[in-house]
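Data first, discussion second: the structure below is written as structure tokens.
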Amino acid sequence: MNAHSSVIPVADSAARQGVSRTDPVIRLDRVGKVYRPRSDAAPVTALDDVSIDVGAGEILGIIGRSGAGKSTLVRIVNALERPTSGRVLIDGVTISDLEESAARTARRTIGMVFQHFALLARRTAAANVALPLEIAGWPRRDIAARVDELLDLVGLSAQRDRYPSELSGGQKQRVGIARALAIRPKVLLCDEATSALDPETTQQILALIARIRRELHLTVVLITHEMSVVKSIADRVAVLDRGRVVEQGSTFEVFAHPEHETTRNFVGSVTGALLSEDLRSRLVSEPIPGGRTVLRIVFTGPNADEPVLSRVTRLLGIDVNILAGQIEPIAGRSFGTLIVAVPGDPVTVDAVRNALGRLHLSTEVLGHVA
Ligand SMILES: Nc1ncnc2c1ncn2[C@@H]1O[C@H](COP(=O)(O)OP(=O)(O)OP(=O)(O)O)[C@@H](O)[C@H]1O
């Protein structure tokens, strides 16, 4: 069998429950989770009114800082924990209501990929991939064929007999992904799947996840604290902050027009990396008389190819210093960022921002320098 023959069969549970093809594969409906560590301790709200839908074949990135509630969300989606309020539906089944034995069965629709791979050290790559099939009671011959197919899918056929200690981090994660896909889940839930990998290996693993999504029409949730992960392959992103979804939308739109401060910080962590350390350390939040204002201009549309800056400088008769710039693909579209310094008096700054706004370019004041 080749990789294409392992296309996941449409689960009959959806058809049985009258779920149409356009219904989300994952639905978090006003999910809340309150922990009460001890009876005398204050309750901790880990998730608060979280509503997220993930469509079939979609890659959703869920991004949040430490303590935002990401691990709690993973455990609830995976039916390892129950929400205190709200419900979770996977493929039309309300898994948040299920008893443990039914939850175990429902968990088979979800493949998990972990940050630290969670491989068994005493098993070879092939035997690690075989494990969920053995647990599910597959016949030995079918297991062998399926393991071959999975190792081929993730490009690890040559390493099948190696032990985890003989594999690189990226190879270990390929084994982890093959194992997660073994019993043909509908959903791949990746919990910081690339956080232990270097940037190059991260991109290779993300490319693998994107290809698998395409070939198997999988629905993928990427939980991460890194915007660069979301930027690479997520179609949509939800930003989690202190247990709440503060912003969600298409990855491109969220990058182009981040609304919440947390989102701006995440986006800035990627695009703001353009600023030199020296300049960053000199930026202040209040305008400096006679100084300059540093603006980030985002080019997202057809204007990316036009000489808009020179038009604006000619129109307003001002000097603009270009400090940094780049054009990169985000969710398959060109996304340009330019960081410039303009004369810092508020009237000029407003005039520049208005002129750029009329050209459909969004601007953000990053700060002021002497
Ligand atoms: N079992 C628990 N009992 C009490 N509080 C908990 C429990 N699990 C999580 N919390 C609290 O819930 C909040 C969210 O935690 P969670 O682990 O989900 O965040 P996170 O985004 O995964 O963080 P990190 O990236 O650091 O793992 C935190 O304030 C945490 O202290």
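Side chains are part of it too, since the values below use all heavy atoms of this structure and drop only hydrogens, waters and symmetry mates. Counting starts at 1 for both ligands and their atoms, following the listed order.
By the 4.0 Å N-to-carboxylate-O rule, Lys70 lies too far from Asp191 to be salt-bridged with it.
Protein residues with a heavy atom closer than 4.0 Å to ligand 1 are Tyr35, Pro37, Val44, Ala46, Arg65, Ser66, Gly67, Ala68, Gly69, Lys70, Ser71, Thr72, Arg75, listed by chain and number.
For the pair Asp53 (side chain) and Arg27 (backbone), a donor-acceptor distance under 3.5 Å is absent.
Arg38 meets the salt bridge (charged side-chain N to carboxylate O under 4.0 Å, His left out) test with Asp40; sequence neighbours excluded. Residues passing the side chain to side chain donor-acceptor pair (under 3.5 Å) test with Glu253, sequence neighbours excluded: none.
Checked against Ile52 for a side chain to side chain contact (heavy atoms under 4.5 Å, CB included), the options Leu60, Val31, Asp29 give a single hit: Leu60.
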Under 3.5 Å, which donor-acceptor pairs link side chains of residues 112-122 to any protein atom two or more places apart or in another chain?
none

